[in-house]
Structure formats: C-alpha cells, structure tokens
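Computed from a predicted model, the values in this text were never measured in an experiment.
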Protein chains: 2
Amino acid sequence: MSVTDFLRPEGWLGEGGGPRYVQLRRRLEEGIAAGLLPPESSLPPEREIAEITDLSRVTVRRAIQELVRDGLVEQRQGSGSFVRDPVTRVEQSLSRLTSFTEDMASRGMETTSRWLERGVFLAAPEEVAALGLADGDQVARIHRLREAGGRPMALERATLPLDILPNPIEVVTSLYAVLDRAGHRPVRAIQKISAINVAAPEADLLGVAEGAAGLRIERTSFLPSGRVAELTRSLYRGDAYDFVAELRL
Amino acid sequence: MSVTDFLRPEGWLGEGGGPRYVQLRRRLEEGIAAGLLPPESSLPPEREIAEITDLSRVTVRRAIQELVRDGLVEQRQGSGSFVRDPVTRVEQSLSRLTSFTEDMASRGMETTSRWLERGVFLAAPEEVAALGLADGDQVARIHRLREAGGRPMALERATLPLDILPNPIEVVTSLYAVLDRAGHRPVRAIQKISAINVAAPEADLLGVAEGAAGLRIERTSFLPSGRVAELTRSLYRGDAYDFVAELRL
DNA sequence: AAGTGGTCTAGACCACGGC
DNA sequence: CCGTGGTCTAGACCACTTG
C-alpha cells in the first residue's frame with residue numbers, strides 16, 4: 001500500500017478521536033511503526049499530506065511538529081521531512097567515575113570533539129565558589145560537543161583550577177587521560193541529574209528538535225585529598241542515553 | 001509600568017531578532033523575570049496581547065505555548081493564562097535505596113497517593129521475565145500518582161511477586177513500610193534513568209504541559225537472597241526533581 | 001527555477017469556566 | 001451569558017535546498 005493511500009482520511013479520521021492533529025500524528029506513528037515509512041524515508045510534502053487528508057497545512061504541520069519533538073521525524077528546510085533512524089541508546093554508569101572517551105572506547109565507538117571553547121579564562125563567581133578559588137583567579141575551561149560513532153551525544157563544559165590543568169590545549173580527546181598523566185585524576189564525584197527541555201542553540205548542536213528532552217548533569221569531582229578538581233555541566237541527549245545507578249539500603 | 005505598556009511593540013519587536021514568536025516569548029520571559037508578571041498573576045488574554053503587539057493570535061499562541069512547555073506559564077481553558085509559581089526542587093539520592101514516603105517525611109512534606117490501580121493481576125510477559133516468574137503467574141500491582149506537599153510529583157507503577165506482597169490493598173502510603181513488616185524489604189536496586197517528553201495522559205496527571213521533560217526511571221530491586229522483589233517504572237516531573245549520585249573510581 | 005519547510009495573517013467556530 | 005483558551009481553515013510570503 002502506498003503512503004498516499006495509507007493517509008487517505010477514510011477509515012481513520014473521524015469525530016471521536018480527539019483533535020485532528022492528534023489523529024494525524026497517530027496515523028503517521030502507526031505508519032512508521034508498521035514499516036510503511038521506514039527510517040530515512042521521506043514523508044510526503046506537507047502540502048500533499050494536507051491535500052490527501054483534506055486538512056489544512058497548519059494542522060498537518062502541528063501533527064508533524066509533535067513527531068519532530070519526540071524524535072521520530074526530522075525536518076530539513078528546503079529538502080523535506082524524514083523518518084529518523086532510531087538511535088541506539090548508550091548506558092552510562094552512575095556509580096563508577098569513568099571518562100566519556102574510555103567509556104565509548106570500551107563499546108568500540110570512536111569519539112570526536114567539536115571545540116566550542118578551550119583555554120584560560122577569568123573564573124565566574126559560581127566557579128570561584130565551587131572550586132574554592134579566590135576572586136580574580138583564572139581557570140581552565142573546556143567546552144565541547146562530544147560525538148560518538150559520528151553522532152552528537154552531549155554538550156560538556158568543564159572548568160578546572162589552573163594548577164590542575166595548566167594547559168587546556170593539551171586536551172585533545174580525554175580530559176581524564178591528561179589529568180591522569182599529571183597525577184590529578186579525580187577519584188570521587190557528586191552528580192546532580194535533572195531533565196530539561198533543550199533550548200534552541202543547544203538543540204541545534206545536538207541535532208535534536210528544540211524542546212526535546214535532555215539530561216542536564218552537574219558534576220563536581222574531587223582529588224584524593226578532597227580538593228575539588230573539576231566542575232562540569234553537561235547536557236546529554238535524552239534519546240541517546242540511559243544512566244544506570246545501583247542503590248543500596 | 002503596566003503589562004500593556006510593557007508589551008507595546010515599540011522598542012523590542014523588530015527585524016533583527018528572529019521570528020516574532022521568539023521575540024514575544026523573550027519579552028514575556030523578561031517580564032516574568034523582572035517581576036512585572038509575578039507568580040499567580042494572569043497574562044493578558046491572547047486576543048488582547050495580539051492587539052497590543054499587532055501580531056496575529058496564532059503567533060501569540062505560539063509564543064505562549066513555548067512558555068507553557070517550559071513550565072513558566074499555565075493555561076486554563078475558559079479561565080486564562082497564569083504565571084506559574086516556580087516549584088521548589090527536591091533532591092533524591094541515587095546511592096541509597098530509600099522510600100518515597102520516608103524521603104519526603106524527612107523533608108517535612110506530607111505525601112498522598114492517588115490510586116490508579118492496586119490489586120492482583122495476571123503478569124505481563126515483561127514482568128514474568130524481570131521477576132523470574134512462570135507464565136500465567138499472578139502479580140501484585142500498584143499504580144499511583146504520588147503527591148508531596150499537595151503537588152503531584154511522580155507517577156509510579158510497581159509490580160511484585162504475589163508471595164512478597166500478597167495483599168496489595170494493605171499498601172496505604174509506603175510500600176516499603178509494608179514490605180518491611182513482612183520481612184521483605186529490598187536491600188539493593190538497579191535503576192535506569194532516562195529523559196523523555198511527557199505524553200498527554202501522563203502530563204495531565206502530573207500537572208505539566210504535554211512535551212515537558214520528565215525523568216523515566218526503571219527500578220529492579222532485590223532481596224538479601226538476590227531474588228527480585230520489585231519492578232517499578234516511574235515518571236518524575238523534570239521541573240521538580242534532581243537526582244544526586246556519588247561516583248567513585 | 002521549482003519544490004520544500006518556516007513564518008505569519010485574519011477570521012471562524014468550539015469547549016470550558018465563572019459570573 | 002460572556003470571556004477565555006483550543007482547534008481549524010485558506011492563503012500568503014520568505015528562506016533554503018536541490019536539480
């Protein structure tokens with residue numbers, strides 16, 4: 001059955017099913033789930049869906065928007081709307097302090113970084129407090145988009161005292177590897193995890209829709225001496241990550 | 001300055017600032033942040049905002065929708081749009097296995113449950129596998145909306161083998177208290193945490209907008225013997241929860 | 001140049017809440 | 001009853017991608 005036939009309104013678009021944009025979204029979801037619209041395939045143009053279903057384009061757009069927000073469909077201006085290949089989810093431990101690079105390597109995935117900021121900066125007040133510095137101190141800051149297997153996975157922004165990471169440019173892939181070599185590898189960390197809707201600029205970098213769910217993680221890590229070594233704020237793609245924790249009484 | 005004056009387009013609505021719905025959203029956010037639109041106060045009606053700003057109502061709605069999705073504004077049909085009181089966030093440990101009820105009690109918050117399902121049911125295939133049961137076995141199932149301080153916080157759906165919780169109706173507040181009395185309190189659990197956009201029916205129960213970010217948690221907990229005691233799937237409000245984990249090398 | 005998604009408008013009617 | 005948000009339409013123009 002062709003996609004066009006599948007979308008003809010007879011049989012599924014009616015009174016009882018709630019708003020029409022919800023019914024259309026459901027119909028499209030069914031088509032994707034059934035394999036009629038396989039990954040990478042394109043949806044009919046919005047105007048064409050509107051004509052087939054006898055809905056207005058605004059209503060069609062609203063239905064598709066929800067699919068985009070939920071990560072099932074990707075829209076490219078000037079090009080079309082496409083069914084997304086479902087991302088293979090990655091699990092990350094919340095009990096063991098691991099490095100992103102090493103973690104991915106153990107899964108056989110290559111990691112790359114797209115640098116957004118890497119250098120020495122004046123510490124922000126928040127950083128002064130968290131790292132136990134003095135006002136006016138400088139810090140090393142590393143801000144990057146982390147990719148694994150060619151896919152953007154997370155935004156990461158780490159700040160460290162300058163004596164722990166004197167030369168941030170040295171960090172090419174693994175921050176923890178550099179710290180290790182300098183004898184400054186953290187041994188303990190506290191992480192705070194929350195869920196947020198990803199804002200436009202971050203969504204762009206991560207390759208997800210604005211408003212998609214993401215995991216915001218704030219990590220403070222410590223040296224054996226108890227001193228704070230690192231303050232990192234990350235934003236992980238919600239569709240790509242599961243965090244796993246082990247709890248005890 | 002009145003809200004009406006604040007929204008007059010002169011001075012903030014222009015060419016360079018991107019789409020107009022983005023500019024309007026920004027303007028409204030500023031008004032909320034500045035205290036001009038305090039919590040609980042109502043926004044002007046959509047039609048009025050449209051008139052003041054000289055935008056169409058569709059554009060105004062789009063701007064407000066984004067505020068709703070991000071939890072800053074709440075809309076009540078027939079009534080109006082209101083600035084939300086920011087929720088005080090609650091932190092929950094990811095290292096210690098605690099009970100929701102006891103956890104909240106230690107913060108001085110009363111908890112209540114709205115029951116969605118509580119009784120004995122035929123185990124679903126997924127439950128059979130996770131709990132180590134046989135096909136056709138029955139399970140105790142507890143599905144509820146958990147509230148703390150009068151606010152909905154999380155949806156929780158727990159499944160247990162019948163010999164561990166023979167009489168689910170006994171559970172009035174704390175499941176773990178009941179298990180404790182029966183000598184079946186779990187001592188260890190594995191949790192998988194992910195971020196999702198909350199779908200319509202769940203959003204309704206949790207009092208958040210459809211598409212708002214939520215934390216989905218799947219917990220499998222174990223008795224001292226190593227046997228699986230409980231399989232729980234929860235959905236926490238992203239705007240109300242921070243999970244805190246401690247990591248070690 | 002043609003086709004696609006992105007933004008925007010003016011106007012209509014419905015559903016719900018409160019007076 | 002009236003005012004509110006919720007849904008929907010037909011049509012326009014812009015921005016971008018692709019052949």
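- Among D:dG6, C:dG5, C:dT9, the nucleotide with an atom closest to any side-chain atom of B:Ser56 is C:dT9.
- Ranking C:dT9, C:dG6, D:dT7 by closeness to the A:Gln77 side chain, first place goes to C:dG6.
- Candidate nucleotides C:dA10, C:dC8, C:dG5 were compared by shortest atom distance to the side chain of A:Val58, and C:dC8 ranks first.
- Counting only heavy atoms from C-beta on, B:Arg57 has its side chain closest to C:dC13 among C:dC13, D:dG11, C:dG5.
- When heavy atoms are screened at a 4.0 angstrom cut-off, B:Arg76 is found touching the sugar-phosphate backbone but no base atom.
- For the pair B:Gln75 and D:dG6, the criterion of a side-chain N or O lying under 4.0 Å from OP1 or OP2 is met.
- Between B:Arg62 and C:dT7 there is a side-chain polar atom (N or O) within less than 4.0 angstrom of OP1 or OP2.
- A side-chain hydrogen bond (donor to acceptor under 3.5 Å, both in side chains) with B:Arg146 is found for one member of B:Thr111, B:Thr101, B:Thr112 and no other, namely B:Thr101.
- For the pair B:Ser79 and C:dG17, the criterion of a side-chain N or O lying under 4.0 Å from OP1 or OP2 is not met.
- Candidate nucleotides C:dA10, C:dC8, D:dG5 were compared by shortest atom distance to the side chain of B:Arg20, and C:dC8 ranks first.
- Proximity of A:Thr59 to the phosphate of D:dT9: a side-chain N or O atom is located under 4.0 Å from OP1 or OP2.
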Passes salt bridge (Lys or Arg N to Asp or Glu O under 4.0 Å), B:Glu66 versus A:Arg69? Steps please. CA-CA 12 Å; B:Glu66 305 206 347; A:Arg69 189 204 54 202; over 6 Å; no

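- In this structure, OG1 on B:Thr173 lies 7.5 Å from CZ on B:Arg144, to the nearest 0.5 angstrom.
- Of the listed nucleotides (C:dC8, D:dG5, D:dC13), D:dG5 has the atom at the smallest distance from the side chain of B:Glu46.
- Of the listed nucleotides (C:dT7, D:dT4, C:dA15), C:dT7 has the atom at the smallest distance from the side chain of B:Tyr21.
- Looking at heavy atoms from C-beta onward, B:Lys192 lies out of side-chain contact with A:Arg89 at the 4.5 angstrom threshold.
- In terms of position along DNA chain D, the nucleotide closest to A:Gly18 lies nearer the 5' end than the nucleotide closest to the other residue of the pair A:Arg47 and A:Gly18.
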